[in-house]
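So the structure is just underneath, and the comments pick up after that.
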Amino acid sequence: MSSILIKNAQIVAMDEKGTVDTGDVLIEGGVISRVGGTIDTEADKVIHAAGKVLLPGFVQTHIHLCQTLFRGRADDLELLDWLKQRIWPLEAAHDEESIYYSAMLGIGELLRSGTTTILDMETVHHTDAAFRAIEESGIRALSGKVMMDYGDEVPLPLRENTEQSLRDSVELLEKWHGRDNGRISYVFCPRFVVSCTEELLVGVRNLSQRYGVKVHTHASENIGEIALVERERGMRNVAYLDHIGLASPDLILVHCVWLDEAEKRIIRERGVKVTHCPGSNMKLASGVAEVPDLLGRHIHVGLGSDGAPCNNTLDMFSEMRLAALAQKTLHGPTVMNARQVLRMATMGGAEVLGLEKEIGSIEEGKKGDLILLELDEFHAYPSFQADPYSRIVYSAGYSDVDTVMVNGKLLMENKSLLTINKRNVLREADRSIERLLKRLPNIVGAVGSKA
Ligand SMILES: N[C@@H](CCSC[C@H]1O[C@@H](n2cnc3c(=O)[nH]cnc32)[C@H](O)[C@@H]1O)C(=O)O
Ligand SMILES: [Zn+2]
């Protein structure tokens, strides 16, 4: 049984009590076995962490690894142009290799900046390649192929047959769900109501119940979407999802910017989970989700950066900052304080994923998903009696993360990734997007070379 002993860290535990304490943490067999005080024991590895901050790894509850290769290729566009002229054609041009490097590029960025768990929505095809990247990298992930079987504007290569979409999903589920002692999970990912038939959504509901697997979808991101759903399905978006039986504790809705009172009640009463993506919502001008209101209703809300082309980083520090500042602009400076935001980035995300007993805080019995921040820098000083939450949320950043572990396995040490060959991934990401852009005109004639 391998063990890691972390010595003299400032432990910001993110437990219910809000423990902040300087001391040692022992991880044995991938699990946190002791927290706090001085632990004098032998360990396979000892990390001297004096002056560093020990945190639970960040949990991001909405990512599109398959879109990391499209970073910077869909900026400053109207949302539907963003989606239909750029993202869908680009996704349609993916092959196994480009999916793999898109995922590796994204995971490299996520681990480098302290994210240890993700909820990831892939594209229609080649999802095996994303799972391979997830498996090799060591990140904790729930992932699934996107499902879309409806809509004239969906490019043909992405437009699925209903039965086939369900079958392909189950095939991936049977192959990947529960891999590596549950580090990898499958999740059903119908893209959003506007691109799914009712038959598909009901099929997803039945399979989710049969296999005990979660469902993740975009919902109520923009005004046009909810109007379209209301026109076509005769109900508001979340009300419709409830009507067809999808609203349950296993449903994770991302965005939820445009909810009415009845929909908020549905979410609360059915135990539906919510993901907030402030960077994406601001960049695509979707609106500002009513997060303080949702939290006030005891709805579980996690944070995510969405795909690289609508953010454009996958950095949780940036997302935390935006989550706080966006609400202050609207509701005054006292809402969304630093501790609340950090909770959303850790325990809040764990609750959204149903993993609150396993990750999200530093407590005995939880998995060794931990990060260390090295804050010995101008931007994080003075450190004298500094409020740790303020320091982490408002001052710290991407490059301060220096150690990352998942399941007690070191994935980054001294700012160097151990499971990902950075040089190779950067080079192959460039080659992959170059080849993908060459394929693009053949796949979707309508898309110009600028895409
Ligand atoms: N990041 C996400 C979604 C971006 S599209 C943003 C929103 O546009 C919505 N949408 C898609 N097609 C239409 C449409 O034809 N009219 C109005 N809204 C749409 C859709 O529901 C989604 O919430 C992704 O990569 O899939
Ligand atoms: Zn998204």
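Numbering of ligands and ligand atoms starts at 1, following listing order. For the single chain, residues carry numbers from 1 onward in sequence order.
- By the criterion of a heavy-atom distance under 4.0 Å, the side chain of Asp306, and not its backbone, is placed next to ligand 1.
- The pair Lys283-Asp75 meets the salt-bridge criterion, with a side-chain N (NZ, NE, NH1 or NH2) lying under 4.0 Å from an Asp/Glu carboxylate O.
- Between Gln67 and ligand 1, a contact under 3.5 Å exists for at least one N or O pair.
- Taking every non-hydrogen atom of Leu83 and a distance limit under 4.0 Å, the qualifying atoms of ligand 1 come out as 5 (S), 11 (C).
- Under 4.0 Å from ligand 1, the heavy atoms of His218 that appear belong solely to its side chain.
- Taking a cutoff of 4.0 Å between a charged side-chain nitrogen and a carboxylate oxygen, Lys264 and Asp293 qualify as a salt bridge.
- The side chain to side chain contact (heavy atoms under 4.5 Å, CB included) test applied to Thr197 returns Asp149, Tyr150, Thr162, Glu199, Leu200, not counting sequence neighbours.
- Of the charged side-chain nitrogens involved, at least one lies within less than 4.0 Å of a carboxylate oxygen, so that Glu153 and Lys84 count as a salt-bridged pair.
- Of the listed residues (Glu153, Glu221, His255), the one carrying the non-hydrogen atom nearest atom 22 (C) of ligand 1 is Glu221.
- Considering backbone and side-chain N/O atoms, Arg191 comes within less than 3.5 Å of an N/O atom of ligand 1.
- For ligand 1, the polar-atom distance check against Trp82 finds no nitrogen or oxygen pair separated by under 3.5 Å.
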(request) Could you check Glu198 against Tyr240 for side-chain hydrogen bond (donor to acceptor under 3.5 Å, both in side chains), going step by step and ending with a plain yes or no? (result) CA-CA 10 Å; Glu198 185 158 313; Tyr240 173 71; 2.8 Å; yes
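- Here atom 20 (C) of ligand 1 lies nearest to Phe192 when heavy atoms of Trp258, Trp88, Phe192 are compared.
- Under 4.0 angstrom from ligand 1, there are no non-hydrogen atoms of Met121.
- Around atom CD of Glu261, more than 12 heavy atoms belonging to other residues, nucleotides or ligands sit under 6.0 Å away.
- Counting the atoms of ligand 1 from 1 in the order shown, those under 4.0 Å from a heavy atom of Leu228 are 14 (C), 15 (O), 16 (N).
- Salt bridge present: Glu109 and Arg71 bring a charged side-chain N and a carboxylate O closer than 4.0 Å.
- Within the protein, the N, O or S atoms sitting under 2.8 Å from the Zn ion (ligand 2) are His62 NE2, His64 NE2, His218 NE2, Asp306 OD1.
- Contacts between Leu80 and ligand 1, counted as non-hydrogen atom pairs separated by less than 4.0 Å, involve the side chain only.
- Geometric assessment of Arg179 against the ring of Trp176 yields a positive cation-pi assignment under the 6.0 Å and 45° thresholds.
- Note on ligand 1: Lys84 sits in its first shell, one or more heavy atoms being nearer than 4.0 Å.
- The environment of Leu330 atom CG is dense: over 12 non-hydrogen atoms of other residues, nucleotides or ligands sit within 6.0 angstrom.
- In terms of protein heavy-atom proximity, atom 9 (C) of ligand 1 is nearest to Asn222 ND2, 3.5 Å.
- Ion pairing of Asp128 with Arg132 is absent here, as no side-chain N (NZ or NE/NH1/NH2) approaches a carboxylate O to less than 4.0 Å.
- Within 6.0 Å of the CD atom in Glu78, the count of heavy atoms belonging to other residues, nucleotides or ligands does not exceed 12.
- Residue Val194 has at least one heavy-atom neighbour below 4.0 Å for each of these atoms of ligand 1: 10 (N), 11 (C), 12 (N), 21 (O).
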Name the atoms and distances for all side-chain donor-acceptor pairs under 3.5 Å in residues 408-416, with sequence neighbours left out.
{"from": "Glu413", "atom 1": "OE2", "to": "Lys45", "atom 2": "NZ", "distance (Å)": "2.6"}
{"from": "Lys415", "atom 1": "NZ", "to": "Ser399", "atom 2": "O", "distance (Å)": "2.7"}

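- Residues satisfying the side chain to side chain contact (heavy atoms under 4.5 Å, CB included) criterion with His300, sequence neighbours excluded, are Lys273, Glu351, Val352.
- Contacts between Leu79 and ligand 1, counted as non-hydrogen atom pairs separated by less than 4.0 Å, involve the side chain only.
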